[in-house]
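Structure record follows, encoded as structure tokens.
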Amino acid sequence: MPRNRIITDAIGIGVGVASYGVSFGALGVSSGLDVMQTMTLSLFMFTGASQFALVGVIAAGGSSFAAIITAFFVGIRNFAYAVSMNDLLRVTGLKKILAGHLTIDESTAMALSHKEKGAGPFAFWTTGISVFVFWNLATLLGALAINIAGDPQALGLDAAVVAGFLALLWPQLKTWRLRFLAVASALVALFAFGFTPAGTPILIAGIFAAVVTLGMRE
Amino acid sequence: MWATILIASLSTFMLKILGYFLPESLLSHQVAKKVIAVLPIGLLSGLIALQLFTTKDAFILDGRIVGALSALGLLMMRAPFILVITISALITAIGRARGYWA
């Protein structure tokens, strides 16, 4: 089993995620959370897209309810990951809870990409732990740095947030049908923005995407 | 604010844990598969649109558009994540400092 190779890859992924973590830390604090609150999200929510979504809705002036629901639905893919990781890891008791917490895009992708005997679980745990450590250190760094650096807008951080979301979305748009769906959902959100409370346009866009997909024939 | 953070953290955590306690047959359902695949696409697209074109209560066009377009270009060229974020922030910030856009 290529243990060394897996460890090197896991650290590499951790370092890559760290760049993103710094932006999250900075964004959290510039959206009105304090350092402790921003860190709580990285430690206990520990799923980047949901964290960004939560902070994004709060920054846009959305209600708590809208923020929570959006974070929840953005994180729903982790549920699918968990089901397949449970099948692979076969853990019990406390380890199940720990595995659950570490079930994210990166750990799942690494586990699934190692088909050699026994390598999948090793890749899962190594990547999960690596990302957890790097993600949290990076969040702290970003949160403290923005406290010192000041005006997030002058630094172009508001654009960086949009760029971050685009980078999350882009790999999911593999077909033209999905790209079209993404643009349509964006338009629906902007349309809803005119007459619904803050935060809800995002939910409406999500529901729109789901309903349209279920309504389409293969 | 704390309540929002704790409830949201707990609910996303439960999503992960629940997957370890439910049978796989539930997820192999076609409707569940489709919804799980496209829901994040719809939500993220909506979020991007709002972050890009609105403030708290009005529509707006500013330097973020330039940042987003450069990010999109970099993504199409398969640039790494850190580069996409940094360059889009940098371009937006430089243009603002020089007064090209708001």
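Just so it is clear, the structure is predicted and the values come from calculations on it, not from any experiment. In what follows, every chain begins at residue 1, and chains take the letters A, B, ... in the order their sequences are listed.
In this structure, the portion of Ala59(A) lying under 4.5 Å from any heavy atom of chain B is its backbone and not its side chain. For chain B, the nearby part of Ala154(A) is the backbone; its heavy atoms alone come within less than 4.5 Å. With a threshold of 4.5 angstrom between heavy atoms, Ala58(B) approaches chain A through N, CA, C or O but not through any side-chain atom. Proximity to chain B (any heavy atom under 4.5 Å) is shown, for Phe65(A), by neither the backbone nor the side chain. Heavy-atom distances place no part of Phe208(A) under 4.5 Å from chain B, backbone and side chain included. Residue Leu43(A) does not touch chain B at all, counting heavy-atom pairs closer than 4.5 Å. Of the two parts of Leu6(B), only the side chain, counted from C-beta on, holds a non-hydrogen atom closer than 4.5 Å to a non-hydrogen atom of chain A. Looking at Thr86(B), there are no atoms closer than 4.5 Å to chain A (heavy atoms on both sides), in backbone or side chain. When heavy atoms are compared at a cutoff of 4.5 Å, Ile76(A) approaches chain B by way of both its backbone and its side chain. Residue contact with chain B, scored on non-hydrogen atoms closer than 4.5 Å, involves the backbone and the side chain of Gln153(A) alike.
A search for ring pair (Phe, Tyr, Trp, His ring centres under 6.0 Å) contacts involving Phe52(A) returns Tyr20(A), Phe24(A), Phe165(A), not counting sequence neighbours.
Contact annotation: the side chain of Phe13(B) approaches that of Ile97(A) to within less than 4.5 Å [non-hydrogen atoms, C-beta and beyond]. Side-chain atoms of Tyr20(B) and Leu89(A), non-hydrogen and from C-beta on, do get closer than 4.5 Å to each other. For the pair Leu178(A)/Val38(B), a side-chain contact is recorded, criterion being any heavy-atom separation below 4.5 Å from C-beta on. Two residues are said to be in side-chain contact when any heavy atoms from C-beta on lie closer than 4.5 Å; Leu33(A) and Ile5(B) meet this criterion. Looking at heavy atoms from C-beta onward, Phe79(A) lies in side-chain contact with Leu22(B) at the 4.5 angstrom threshold. Contact check for Thr40(A) versus Trp2(B): side-chain heavy atoms found under the 4.5 Å cut-off. For the pair Leu50(B)/Ile202(A), a side-chain contact is recorded, criterion being any heavy-atom separation below 4.5 Å from C-beta on. Using a 4.5 Å heavy-atom threshold, the side chains of Phe193(A) and Phe59(B) count as touching.
For the atom pair OG1 of Thr12(B) and CG of Leu54(A), the computed distance is 9.0 Å after rounding to the nearest 0.5 Å. The distance from atom CZ of Phe72(A) to atom OG of Ser9(B), rounded to the nearest 0.5 Å, is 13.5 Å. Here the straight-line distance linking atom CD1 of Ile7(B) with atom CD1 of Ile69(A) works out to 10.5 Å at 0.5 Å rounding.
Of the listed residues (Leu52(B), Leu75(B), Leu74(B)), just one forms a side-chain contact (heavy atoms from CB on, under 4.5 Å) with Leu166(A), and that residue is Leu75(B).
Options Ala159(A), Ala71(A), Ala189(A) differ in how many heavy-atom pairs under 4.5 Å they form with chain B, and the most are formed by Ala159(A). Most heavy-atom pairs under 4.5 Å with chain B, from the set Leu203(A), Leu190(A), Thr47(A): that is Leu190(A). If you tally non-hydrogen atom pairs under 4.5 Å between each of Val35(B), Thr54(B), Val84(B) and chain A, the highest count goes to Thr54(B). Options Val162(A), Leu169(A), Asn78(A) differ in how many heavy-atom pairs under 4.5 Å they form with chain B, and the most are formed by Leu169(A). Of the listed residues Thr55(B), Leu10(B), Leu18(B), the one with more heavy-atom pairs under 4.5 angstrom with chain A than any other is Leu18(B). Contact tally against chain B (heavy-atom pairs below 4.5 Å) for Ala182(A), Gly61(A), Gly62(A), Pro201(A): the top residue is Ala182(A).
Of residues 90-102 of chain B, those residues lying under 4.5 Å from chain A by any heavy-atom pair are Thr92(B), Ala93(B), Arg96(B). Heavy-atom proximity under 4.5 angstrom to chain A picks out Ile41(B), Gly42(B), Leu43(B), Leu44(B), Ser45(B), Gly46(B), Leu47(B), Ile48(B) from residues 41-48 of chain B. When the heavy atoms of residues 101-109 of chain A are compared with those of chain B, the residues falling under 4.5 Å are His101(A), Thr103(A), Ile104(A), listed by number.
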Hey, mind stepping through Ile85(B) and Ser19(A) against side chain to side chain contact (heavy atoms under 4.5 Å, CB included) and telling me if it holds? CA-CA 9 Å; Ile85(B) 310 260; Ser19(A) 65; over 6 Å; no
Given side chain to side chain contact (heavy atoms under 4.5 Å, CB included), test Leu15(B) with Arg77(A) step by step and report yes or no. CA-CA 9 Å; Leu15(B) 269 178; Arg77(A) 71 191 185 293; over 6 Å; no
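Among all heavy-atom pairs drawn from Ala71(B) and Ala163(A), the shortest one is CB-CB, 3.6 Å. The heavy-atom pair separating Gly100(A) from Ile17(B) by the smallest distance is CA-CD1, 3.9 Å.
At most 12 non-hydrogen atoms from other residues, nucleotides or ligands lie less than 6.0 angstrom from CZ of Phe180(A).
Figure legend: Lys16(B) and Tyr81(A) shown without cation-pi pairing, the cationic atom not lying both under 6.0 angstrom from the six-membered ring centre and within 45 degrees of its axis.
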